[in-house]
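Here is how names work: the chains are called A, B, and so on, in the same order as the sequence lines, proteins then strands, and each is numbered from 1.
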2 protein chains.
Amino acid sequence: MGEKRIRNMEEFAAVSGISRPTLSKYFNDPDSVRRTTRERIEAALSQYDYRPNVYAVNQNRRKTRNIGIVVPNLADPFFSEIGREVELACMAAGYSPILLSSHGNPAQERVNLESLRALKPAGVLLAPFGKASDRADIERFSKDVPVVTFDANIEGVCEAFVGTDNFQCVDLMVEYLCRSGEPPCFFEMKTPSNPNANKRRQAYLEAMARHGFAPHIHQVPGEGWKFEEIGATEGGKLMAAGAFETDTVLCSNDRLAIGMLSAAYELGMQVGHGKGCVLRIAGQDDHPFSRYTCPPLTTIAQDYGAIANRAASTLFGIIENETRLTEREETLFEGTLVMRASA
Amino acid sequence: MGEKRIRNMEEFAAVSGISRPTLSKYFNDPDSVRRTTRERIEAALSQYDYRPNVYAVNQNRRKTRNIGIVVPNLADPFFSEIGREVELACMAAGYSPILLSSHGNPAQERVNLESLRALKPAGVLLAPFGKASDRADIERFSKDVPVVTFDANIEGVCEAFVGTDNFQCVDLMVEYLCRSGEPPCFFEMKTPSNPNANKRRQAYLEAMARHGFAPHIHQVPGEGWKFEEIGATEGGKLMAAGAFETDTVLCSNDRLAIGMLSAAYELGMQVGHGKGCVLRIAGQDDHPFSRYTCPPLTTIAQDYGAIANRAASTLFGIIENETRLTEREETLFEGTLVMRASA
DNA sequence: AAAAATAATTAACGCGCGTAAAATTTAAGT
DNA sequence: ACTTAAATTTTACGCGCGTTAATTATTTTT
């Protein structure tokens with residue numbers, strides 16, 4: 001191993017017997033040099049551990065191999081999961097992911113994009129807030145850097161969007177709930193910033209119409225990202241008041257449902273489809289913890305991996321072709337019903 | 001605003017009427033130039049938006065202002081919370097935090113440190129795995145870069161450690177449980193990689209002795225980071241078999257407790273201290289979701305903010321004094337009892 | 001107001017690497 | 001073995017900024 005410390009590519013060229021420009025080519029793309037040369041380089045590499053200075057490399061290269069990943073809130077396990085999948089996809093493709101959380105704050109999203117700009121990323125994978133995001137800012141940013149959005153769409157902005165088909169998901173759930181018991185009421189926040197919430201409400205209305213039932217939407221006040229708390233306090237009030245028209249509630253997302261389950265427990269209302277149960281509660285997203293709620297939460301699972309990989313590979317395609325998409329792409333994956341005890 | 005694009009410091013010097021070396025000084029430390037000069041620079045800055053190229057800056061500066069933050073698993077809300085606090089502390093002090101998750105994989109921890117090395121960080125804040133971490137590797141790394149560990153200690157390695165006083169925490173909980181009902185059994189994994197787990201077991205033994213009760217430790221098999229699952233399946237088996245000697249179980253951490261609560265629910269065992277309850281379950285850490293379990297989890301809260309800030313400021317002290325600590329520091333914060341319905 | 005102290009300017013070099021052009025070597029093809 | 005094509009080496013410049021030394025301008029001191 002390491003005989004003496006190599007300070008730069010010049011010195012490594014000396015000890016390896018390969019010229020610096022060839023080494024430079026190799027580090028940019030190992031396959032761009034002849035096999036025998038590559039082997040000589042790699043032999044030397046295992047002997048003298050040397051790595052090009054990232055800062056010098058990135059200063060001189062037009063485009064770096066950095067990929068910015070921005071998610072609204074890493075404290076939400078949903079985003080930490082999908083963020084991780086995206087990260088892995090980037091690394092597998094030889095890029096350097098830089099994962100940033102906006103900490104539930106749309107202003108931080110702007111800050112994050114601004115910091116990313118300084119890093120001259122080859123591309124950005126963005127899970128935006130939706131309506132709360134600064135559309136103009138993102139549009140401006142995506143002029144300079146190719147951006148693929150995932151999870152939440154911003155109509156007409158960025159190269160492509162990859163997400164879940166909310167209509168298919170809600171339809172699946174509504175169909176199941178109607179078939180197995182009373183038709184569901186819909187529980188959500190009054191001012192959801194996430195565009196998925198709006199699609200889900202719309203999908204609920206359409207699905208209920210299709211099944212010939214009257215829809216019942218309950219919107220509750222509440223700001224921020226404390227969904228469980230909102231679900232617990234506001235959902236609890238509704239349950240206590242007997243405000244739900246049927247014995248089944250479909251929540252706009254799992255975190256609201258988790259809050260409602262907690263409130264139902266407090267109220268002594270047994271949730272589930274077994275005997276003695278007075279309420280069914282269902283969620284959406286298959287939150288990592290929904291398997292451990294009491295009772296375990298019936299929900300719709302999004303295909304995290306598929307979304308992450310498709311978003312990443314779409315971005316890589318744009319980067320590697322050096323050409324923006326002629327037409328904006330939208331890809332939606334289907335969700336699957338996860339039947340547990342709560343509904 | 002932006003009249004024409006400024007490509008480098010040279011051009012900004014031209015339009016601002018300030019020489020380049022002075023600008024360089026300013027960007028390194030705004031207070032190092034005369035007030036009148038500073039104002040002229042900032043006036044120009046608001047007109048021509050220019051920012052120094054990070055790569056060129058970091059290539060030439062001896063030490064960057066990057067701070068590496070490495071946590072074992074961002075998918076665990078505990079670490080995403082504390083990671084966020086650390087991040088904020090770094091930004092507040094004018095550093096650039098780079099948050100990396102080891103995804104529950106000790107090998108990834110080595111990879112993360114290796115990637116950080118390339119970024120020449122001024123310092124690193126590391127929440128290690130503990131025994132599962134590569135002690136030698138971390139020791140070697142901390143020779144080159146000042147490292148402060150937090151959450152989990154590695155005896156004798158790195159400049160300093162900041163964490164929670166497990167003995168005080170467990171003592172607090174044991175005292176409460178003994179005073180309010182039957183003394184607790186202790187539930188944990190057989191091979192916990194986290195050193196806190198070992199301290200907690202030890203603390204449990206001492207606390208029980210002090211109160212004059214016989215300790216009962218139940219260790220269950222299970223690998224990895226699926227603590228809820230392990231708590232549910234293995235804890236469930238123990239509950240079903242009536243293996244716990246008393247009606248009170250103290251879990252090594254909240255995530256195990258969440259799993260146990262879920263299993264207890266399945267078994268129809270009512271958990272809590274009210275009437276009709278057959279079991280009390282307590283956790284440790286005040287996991288963000290433990291407020292919404294059924295019943296809500298009684299636990300010990302760590303002072304996330306204090307730990308994060310102390311770890312960060314200790315590191316900044318070392319960086320700014322350019323001198324390593326003569327003696328390794330260990331700081332422990334006290335936990336507080338969070339009484340909820342489960343125990 | 002002149003002298004002393006402080007700050008800014010000019011000029012120039014270096015950091016580590018990308019990259020281009022020309023010269024040279026190596027491999028492939030018949 | 002000879003021609004061609006492909007790969008490598010030599011040489012040299014540029015990227016954007018840190019930094020230093022000598023010079024000049026500005027402020028502070030008495």
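A:Asp151 is linked by a side chain to side chain donor-acceptor pair (under 3.5 Å) to nothing, counting only residues two or more places apart in sequence or in another chain. Partners of B:Asn105 by side-chain contact (heavy atoms from CB on, under 4.5 Å), not counting sequence neighbours, listed by chain and number: B:Ala107, B:Gln108. Looking at residues two or more places apart in sequence or on another chain, you find a side-chain contact (heavy atoms from CB on, under 4.5 Å) between A:Val57 and A:Pro52, A:Arg61. For B:Arg328, the side-chain contact (heavy atoms from CB on, under 4.5 Å) partners two or more places apart in sequence, or in a different chain, are B:Thr149, B:Asn153, B:Phe161, B:Glu330.
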Where do N or O atoms of nucleotides 6-12 of chain D meet protein N or O atoms at under 3.5 Å, pair by pair?
from   : atom 1 : to      : atom 2 : distance (Å)
D:dA7  : O4'    : A:Arg34 : NH2    : 3.3
D:dT8  : OP1    : A:Arg34 : N      : 3.0
D:dT8  : OP1    : A:Thr37 : OG1    : 2.4
D:dT9  : OP2    : A:Ser19 : N      : 3.1
D:dT9  : OP2    : A:Ser19 : OG     : 2.7
D:dT9  : OP2    : A:Thr22 : OG1    : 2.7
D:dA12 : N6     : A:Arg20 : NH2    : 3.4

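Under 4.0 angstrom from either OP1 or OP2 of D:dC17 there lies no side-chain N or O belonging to B:Ser24.
Within the nucleic acid shown, B:Tyr50 comes within 4.0 Å of sugar-phosphate atoms alone, with no base atom in reach, counting heavy atoms only.
Bounding nucleotides for the chain B contact on DNA chain C, 5' to 3', at a heavy-atom distance below 4.0 Å, are C:dA7 to C:dG16.
Note: A:Tyr55 and B:Tyr55 have tilted aromatic rings, judged against thresholds of 30 and 60 degrees for the angle between ring planes. Ring geometry for B:Phe316 against B:Tyr95 counts as parallel: the plane angle stays under 30°, on a 0 to 90° scale with 60° as the upper cut. Relative ring orientation between A:Phe27 and A:Phe12 is described as tilted, the plane-to-plane angle lying within the 30° to 60° band.
Taking atom CG of A:Asn60 as the reference point, atom P of D:dC17 lies 12 Å away to the nearest angstrom.
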Carefully, step by step, assess A:Arg110 and A:Asp134 under the rule salt bridge (charged side-chain N to carboxylate O under 4.0 Å, His left out). CA-CA 7 Å; A:Arg110 282 210 310 279; A:Asp134 184 336; 3.7 Å; yes
